[in-house]
Amino acid sequence: MPGRQEDLNEASETVSADGSEQYDVIVVGAGAAGIGVGIAIAHVGIENFLIVDRETVGSSFSSWPDETRFITPSFPSNSIGMLDLNSIAIGISPAFSMKVEHPTGKEYAEHLQDISDFFELPIREKTDVRNIEKNDGLFHLETQEGTLLAKNVIWAAGEYQYPLLDGFVGSELCRHTSTVPSYGGLDGEDFLIVGGYESGIDAAVHLSNRDKKVRLFDLNAPWLEETSDPSVALSTFSFERMNNPKFEEHTKLFANTPVESVSVEDGVYVLKTQDGQTFSSTNQPLLAGGFSGSHKFVSHLFDERDDGFPELNESDESTIVPGMFLCGPSVRHDGHIFCFIFKYRQRFAIVAQAIASSLDIPTDEFVEAYRSWGMYLDDLSCCGQECLTC
């Protein structure tokens with residue numbers, strides 16, 4: 001069943017009376033979620049679809065600091081029927097094609113472009129979707145070049161493009177780690193880092209490897225948690241990198257130490273903690289406090305859960321606007337969070353099947369193939385809380 005899509009036609013859009021392009025499906029976002037669900041859409045037999053992105057394929061990965069790598073390892077295990085943890089398509093292994101276990105963001109962006117070409121996906125880059133409304137049974141996507149129409153929309157614009165900068169007084173004076181091109185390019189000898197989860201530890205590792213002094217503050221202590229829940233504890237990859245003499249010599253970790261404020265006094269950054277400690281540095285503090293998800297831009301098309309994430313039905317579809325779907329790390333079901341690639345990819349086929357069924361396209365063979373690869377998770381009760389939560 002799914003393999004190279006040599007028989008796929010290019011998107012055969014129809015044109016409405018006013019000249020607007022009309023599709024069965026438009027996917028917004030060309031990152032891991034958008035490309036992955038786009039491949040599933042193609043595999044299920046939908047031809048009239050389009051993927052749009054305001055930048056380019058994998059652009060959010062391309063913007064990672066040069067030194068930052070995936071914390072989930074890639075393995076070419078497809079030969080035994082198991083998917084590479086960083087794969088977004090059945091039968092595809094980033095490790096096999098890239099020969100890298102922990103790819104950089106730029107390497108993974110190239111991988112996404114390669115498989116987009118391989119599957120001949122219809123992608124329109126540099127297309128900024130400014131607004132989405134549903135009128136008369138069709139979604140109207142307003143872009144800088146005009147209006148696109150669709151029967152169904154999949155929001156897959158991702159989580160990691162909008163840094164959170166308002167966690168404490170003066171947090172705007174800090175530099176978010178996502179805006180650092182390379183830690184090797186940062187001048188200075190001592191750094192204050194706010195946030196001790198993966199991004200913060202990653203920054204501390206790279207700076208300490210360059211013999212920089214690092215003081216890192218976290219309101220919790222992810223490095224001390226004894227749990228396999230990756231939303232709370234650090235990855236094995238991070239622990240491994242912390243376990244080296246340079247990290248131990250140059251980095252001091254402040255557990256359970258919330259930051260109260262950051263200010264600038266005579267060119268010196270002053271960080272104050274809620275327990276009354278004061279620290280200073282001539283270098284701009286680094287903020288590793290997470291991101292605000294892109295789902296906020298389409299909040300009017302979804303009901304909202306108590307935690308602020310979109311309310312979804314069993315097909316990851318809006319409960320108030322039929323035909324509006326969500327893919328990627330913002331997907332939530334009860335207490336289950338699908339934040340990593342190897343988790344949210346299991347829902348691509350759920351969405352593709354729902355849309356194909358609405359278009360009277362048979363899905364039995366498609367579902368069987370995706371289920372056999374562990375890419376079709378429709379029974380959330382089969383796993384415990386910890387195995388799904390991240």
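Heads up: numbering here begins at 1 and tracks the sequence.
Residue His43 is tested with Phe366, Phe119, Tyr376 for a ring-ring contact (aromatic ring centres under 6.0 Å, His included); the sole match is Phe119. Exactly one of Lys212, Arg215, Lys252, Lys213 qualifies for a salt bridge (charged side-chain N to carboxylate O under 4.0 Å, His left out) with Asp190. That residue is Arg215.
Side-chain atoms of Leu271 and Val259, non-hydrogen and from C-beta on, do get closer than 4.5 Å to each other. Thr363 places a side-chain heavy atom less than 4.5 Å from the side chain of Ser357. With a 4.5 Å cut-off on side-chain heavy atoms, Gln284 and Leu173 do not count as touching. In this structure the side chain of Pro310 never reaches within 4.5 angstrom of the side chain of Ser299, judged on heavy atoms. At a threshold of 4.5 Å between non-hydrogen side-chain atoms, the residues Asp66 and Thr104 do not count as touching. You'll find the side chain of Ser318 reaches within 4.5 Å of the side chain of Phe302, heavy atoms only. Leu301 has its side chain out of reach of Trp155: every pair of non-hydrogen atoms, C-beta onward, lies at least 4.5 Å apart.
Between Ser97 atom OG and Glu107 atom CD the span is 10.0 Å, to the nearest 0.5 Å. To the nearest 0.5 Å, atom OG1 of residue Thr257 and atom CG of residue Leu216 are 10.0 Å apart. Atoms CG and CD1, on Asp24 and Ile361 in that order, are 7.0 Å from each other to the nearest 0.5 Å. Taking CD1 of Ile88 as the start and CD1 of Ile35 as the end, the distance is 6.5 Å to the nearest 0.5 Å. Within the model, atoms CG of Asp128 and CD of Glu55 stand 8.5 Å from one another, a figure rounded to the nearest 0.5 Å. Taken from CD1 in Ile154 to CD in Glu317, the straight-line distance is 10.5 Å, to the nearest 0.5 Å.
Listed here is the closest heavy atom pair of Val351 and Cys327: CG2-SG, 3.8 Å. The shortest heavy-atom contact between Thr56 and Lys126 is CG2-CE, 4.1 Å. Considering all non-hydrogen atoms of both residues, Tyr344 and Ala32 come closest at OH-CB, 3.3 Å. In this structure, Ser208 and Val214 approach most closely via the heavy-atom pair N-CG2, 4.4 Å. Contact detail for Leu85 and Phe342: the closest heavy-atom pair is O-CB, 3.4 Å. Of all the heavy atoms in Met98 and Pro103, the pair that sits closest is CE-CB, 3.7 Å.
Using a cut-off of 4.0 Å between Lys/Arg side-chain N and Asp/Glu carboxylate O, Arg69 and Asp202 are scored as not salt-bridged.
Grouping the Ile, Leu, Val, Met, Phe, Trp and Tyr side chains by contacts below 4.5 angstrom, directly or via other members, places Val169 apart from Leu287. Residue Val262 is grouped with residue Val264 when hydrophobic side chains (ILVMFWY) are merged at heavy-atom distances under 4.5 angstrom, including chains of intermediate members. A continuous path of ILVMFWY side-chain contacts below 4.5 Å connects Ile71 to Ile193, so both sit in one hydrophobic cluster. Cluster annotation: Val321 is connected to Val27 through the hydrophobic network of ILVMFWY side chains, with a link wherever side-chain heavy atoms come within less than 4.5 Å. Grouping the Ile, Leu, Val, Met, Phe, Trp and Tyr side chains by contacts below 4.5 angstrom, directly or via other members, places Leu83 apart from Phe96.
Between His102 and Phe237, the ring planes lie parallel to each other; the angle is under 30°, not in the 30° to 60° tilted range. Between Phe254 and Phe217, the angle of the ring planes stays under 30°, which puts this pair in the parallel group of the 30/60° scheme. Between Phe61 and Phe70, the ring-plane angle classifies as parallel under the 30° and 60° cut-offs.
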_Verdict with supporting geometry, Asn283 and Leu186, side chain to side chain contact (heavy atoms under 4.5 Å, CB included)_ = CA-CA 9 Å; Asn283 301 302; Leu186 293 180; over 6 Å; no
*Would you please test Asp84 and Asn86 for side chain to side chain contact (heavy atoms under 4.5 Å, CB included) and show each step?*
CA-CA 5 Å; Asp84 186 317; Asn86 295 318; 3.8 Å; yes
*asked:* Test side chain to side chain contact (heavy atoms under 4.5 Å, CB included) on Leu207 and Leu286; report intermediate values, then the result.
replied: CA-CA 11 Å; Leu207 290 170; Leu286 297 177; 4.0 Å; yes
*Tell me, with the steps shown, if Arg332 and Arg305 meet side chain to side chain contact (heavy atoms under 4.5 Å, CB included).*
CA-CA 9 Å; Arg332 302 286 189 275; Arg305 290 164 40 114; 3.4 Å; yes
*Just do the salt bridge (charged side-chain N to carboxylate O under 4.0 Å, His left out) check on Arg124 and Glu145 with the steps written out, would you?*
CA-CA 12 Å; Arg124 189 172 300 178; Glu145 296 180 351; 5.3 Å; no
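Within the cation-pi definition used here (under 6.0 Å to the ring centroid, within 45° of the axis), Lys106 does not qualify as a partner of Tyr108.
There is a side-chain donor-acceptor pair under 3.5 Å between Glu198 and Ser238. Side-chain contact, Thr147 with Glu142: a donor N or O sits under 3.5 Å from an acceptor N or O. Side-chain contact of Asn209 with His250: a donor-acceptor pair under 3.5 Å is absent, judged by distance alone. With 3.5 Å as the limit, one finds no donor-acceptor pair spanning the side chains of Glu133 and Asn135.
Qualifying salt bridge (Lys or Arg N to Asp or Glu O under 4.0 Å) partners for Arg210, counting only residues two or more places apart in sequence or in other chains: Glu67. Every residue two or more places apart in sequence or in another chain that forms a ring-ring contact (aromatic ring centres under 6.0 Å, His included) with Phe309 is listed here: His295.
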